[in-house]
Amino acid sequence: MGVKGKSIASTEIHEGEIVKVGSIISWKYNEEKICKEVVEAFDPHKKSPTWKVIEGDLLELYNSFTIITSSEDQWTKWTFEYRKKIDDTPEPLVFMGLLLDVTKDVEGHLLKK
């Protein structure tokens, strides 16, 4: 993928393309954490991909975890849908911070162009 910032150590496309439905993508973040996702849906009009986490560290805390993004003009909206394994599981604030950093990395990349 074209943008690599300080938040993401590496990415790998196992099947398909980055926003093609059915594609499988994994990425390493925060040094040794891993997230492997399948693209469940993509709405080109809303610029909105939906990724379902299928492997990785998030599934140690949550039974399911889905990430939905949408972009409009200069705004990007991240939505998390998840089910905690136990009631005491924390909200995914650290992951939210990571995606904020990723958004800033992408913004910085695009502003250079």
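Note that this is a predicted model, so its numbers are computed, not measured.
- The structure places OG1 of Thr76 at 11.0 Å from CG of Leu100, a figure rounded to the nearest 0.5 Å.
- Atom NZ of Lys85 has more than 12 neighbouring heavy atoms from other residues, nucleotides or ligands inside a 6.0 Å radius.
- Taking hydrophobic clusters as Ile, Leu, Val, Met, Phe, Trp and Tyr residues chained together by side-chain heavy-atom distances below 4.5 Å, Ile68 does not share a cluster with Ile54.
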Side chains of residues 58-67: which donor-acceptor pairs under 3.5 Å do they make with residues two or more places apart or in other chains?
unit_1, atom_1, unit_2, atom_2, d
Tyr62, OH, Pro90, O, 2.6
Asn63, ND2, Lys84, O, 3.4

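- Distance OG1/Thr11 to CD1/Ile25: 9.0 Å, rounded to 0.5 Å.
- The cluster map of Ile, Leu, Val, Met, Phe, Trp and Tyr, joined by side-chain heavy atoms under 4.5 Å apart, puts Val102 and Met96 in the same cluster.
- Other residues sharing the hydrophobic cluster of Val94, ordered by chain and number and joined by side-chain separations under 4.5 Å: none, the residue standing alone.
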Assess the residue pair Leu99 and Phe80 against the criterion (side chain to side chain contact (heavy atoms under 4.5 Å, CB included)); give the C-alpha distance rounded to whole Å, side-chain angles, the decisive distance to 0.1 Å, and a yes or no. CA-CA 11 Å; Leu99 292 181; Phe80 299 155; 3.4 Å; yes
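- Taken to the nearest 0.5 Å, the NZ atom of Lys33 stands 4.5 Å off from the CG atom of Asp57.
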Under 3.5 Å donor-acceptor pairs involving side-chain atoms of residues 34-51, not counting sequence neighbours:
unit_1, atom_1, unit_2, atom_2, d
Glu37, OE1, Trp27, NE1, 3.3
Glu37, OE2, Trp27, NE1, 3.4
Asp43, OD1, His45, N, 2.9
Asp43, OD1, Lys46, N, 3.2
Ser48, OG, Thr69, O, 2.7

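- Checking Trp78 against Ser70 by side-chain atom types alone, no donor-acceptor pair falls below 3.5 Å.
- Counting only residues at least two apart or on different chains, no salt bridge (Lys or Arg N to Asp or Glu O under 4.0 Å) pair has a member in residues 15-30.
- Criterion: ILVMFWY side-chain heavy atoms under 4.5 Å apart, direct or through other members. Under it, Val53 and Ile86 are not part of a common hydrophobic cluster.
- Thr79 meets the side-chain hydrogen bond (donor to acceptor under 3.5 Å, both in side chains) test with no other residue; sequence neighbours excluded.
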